[in-house]
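Only one structure is covered here, and it is reproduced in the block below.
Values reported hereafter were calculated over all heavy atoms of this structure, with side chains retained and with hydrogens, waters and symmetry mates removed. This is a predicted model, so every value here is computed, not measured.
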Amino acid sequence: MSIGSHLLFLACVALASYAQNLTGFAFGLILLGLTAVLHLASLGDVANVVSVLVLVNAAITFGRHKPQLVWPVFGPSLACSLVGVGAGVALLGWFSAQQVSLLRFLLGCAIIVCAFLLVLRASTRAKQSGLPSFLFFSGVSGVMGGLFASAGPPMVYHLYRQPWPADMVRHSLIVLFAANAVLRLALVLAHGQFSMTAVWLTVEALPVVMGLTWLARRYPSRLPLQHVRRAVFVLLLAAGLALVLPPVLALLH
């Protein structure tokens with residue numbers, strides 16, 4: 001990567017981190033989408049960077065607080081999600097070696113779906129969902145976490161429909177994502193898939209993410225959340241379409 005590419009990568013990190021602090025998720029999807037569209041680094045390397053940063057975020061969040069969790073549904077959901085992570089990492093290894101273009105297409109599809117989930121108004125349920133629905137959404141999140149290190153949208157959508165306090169939802173998501181990141185990194189390291197490029201990109205990104213997170217907490221944004229969600233939706237949709245349309249148009253011709 002050239003110096004210009006590194007600076008552009010840091011700009012993508014800053015934009016993704018800012019969106020994360022305002023919306024509560026989408027960091028991984030925005031960073032993966034932008035870097036894929038701009039061809040700054042491989043999807044595998046950027047996914048590894050995201051995994052490390054997810055753990056940093058969890059460490060900052062729970063440095064002084066114990067998470068509030070609903071273990072009867074969270075425990076099985078966590079186990080199902082971890083199985084999904086294993087499947088996602090295995091798929092990533094196959095795609096990276098055989099079908100890079102298909103991997104980019106799938107990432108674009110995932111980004112577009114998640115963009116609509118971001119703006120979709122999900123009504124809160126009167127009573128907690130059954131365990132099968134938790135297992136389904138956590139499994140899908142796990143596969144996305146293994147493939148793209150971005151397990152957020154399916155579980156974010158599902159958990160925010162539950163009649164739980166906001167802190168409980170937030171804590172459940174952070175713990176789930178952190179556990180996914182630990183397993184994903186362990187699998188990636190065991191297979192020697194954490195390159196030096198990913199190491200250097202992580203070192204570059206850490207100060208940006210930590211600095212913007214600190215600023216966001218000390219100086220909360222006054223922008224209306226609805227406007228922020230719409231801006232992130234447009235950004236995600238544009239990145240997703242930029243990845244999906246080229247192969248579709250190539251097939252049509």
Side-chain angles (χ1 to χ4, degrees), residues 1-67 111 114 118 145 148-153 156 166-167 169-171 173-182 184-185 188 194-225 227-236 238-239:
M1 291 175 64
S2 64
I3 294 178
S5 295
H6 281 281
L7 293 176
L8 196 54
F9 172 75
L10 291 179
C12 294
V13 171
L15 182 58
S17 183
Y18 182 70
Q20 167 77 21
N21 285 312
L22 291 178
T23 64
F25 79 104
F27 173 83
L29 289 173
I30 291 177
L31 185 57
L32 279 163
L34 292 178
T35 53
V37 170
L38 298 172
H39 297 278
L40 296 178
S42 72
L43 291 179
D45 284 336
V46 179
N48 289 341
V49 174
V50 173
S51 293
V52 175
L53 297 178
V54 166
L55 289 179
V56 172
N57 178 59
I60 293 173
T61 302
F62 297 126
R64 298 179 181 179
H65 304 284
K66 183 179 179 180
I111 290 174
C114 295
L118 177 65
F148 307 123
S150 301
V156 168
D167 280 347
V169 172
R170 180 168 166 266
H171 290 180
L173 291 171
I174 293 174
V175 172
L176 185 74
F177 300 159
N180 285 354
V182 169
R184 188 184 188 283
L185 286 172
V188 167
F194 201 107
S195 69
M196 283 306 300
T197 299
V199 172
W200 286 115
L201 292 177
T202 301
V203 171
E204 292 176 12
L206 270 174
V208 176
V209 172
M210 295 179 71
L212 285 175
T213 300
W214 180 83
L215 286 173
R217 292 182 179 179
R218 188 170 181 84
Y219 306 103
S221 173
R222 297 181 180 179
L223 293 173
L225 182 58
H227 293 174
V228 173
R229 285 180 176 270
R230 288 173 181 169
V232 174
F233 166 77
V234 171
L235 180 63
L236 287 172

**Q.** Heavy-atom closest contact (Leu34 atom, Leu15 atom, distance)
**A.** CD1-CD2, 3.9 Å
Q | Leu40 side, atom CG; Leu10 side, atom CG - distance, nearest 0.5 Å | A | 10.0 Å
Q) Does the side-chain contact (heavy atoms from CB on, under 4.5 Å) test come out yes or no for Thr202 and Asn48, once each step is laid out? A) CA-CA 8 Å; Thr202 301; Asn48 289 341; over 6 Å; no
Q. If you round to the nearest 0.5 Å, how far is CD of Glu204 from CG of Leu7?
A. 8.5 Å
Q: Please step through side-chain contact (heavy atoms from CB on, under 4.5 Å) for the pair His6 and Leu201, ending with a clear verdict.
A: CA-CA 8 Å; His6 281 281; Leu201 292 177; 4.2 Å; yes
Q: Could you go through the side-chain contact (heavy atoms from CB on, under 4.5 Å) check for Leu55 and Leu185 one step at a time?
A: CA-CA 10 Å; Leu55 289 179; Leu185 286 172; 3.6 Å; yes
Q: Tell me, with the steps shown, if Ser17 and Val208 meet side-chain contact (heavy atoms from CB on, under 4.5 Å).
A: CA-CA 8 Å; Ser17 183; Val208 176; 5.5 Å; no
Q. If you take all heavy atoms of Phe27 and Val13, which pair is closest and at what distance?
A. CE1-O, 3.9 Å
Q: Could you point out which residue of Val56, Leu53, Val49 forms a side chain to side chain contact (heavy atoms under 4.5 Å, CB included) with Val209?
A: Leu53
Q. Which pair of heavy atoms, one from Ala181 and one from Ser51, lies closest together, and at what distance?
A. CB-O, 3.5 Å
Q | Heavy-atom pair with the smallest gap, counting every atom of Val188 and Phe194 | A | CG1-N, 3.6 Å
Q) Say you draw a straight line from CG of Leu29 to CZ of Phe148; how long is it, rounded to the nearest 0.5 Å? A) 9.0 Å
Q: Of all the heavy-atom pairs spanning Ala47 and Arg184, show the shortest one and how long it is.
A: CB-NH2, 3.2 Å
Q: Please report the closest heavy-atom contact between Leu236 and Ile111, naming both atoms and the distance.
A: O-CG2, 3.0 Å
Q) Can any side-chain N or O of Thr35 pair as donor or acceptor with the backbone N or O of Leu31 at less than 3.5 Å? A) yes
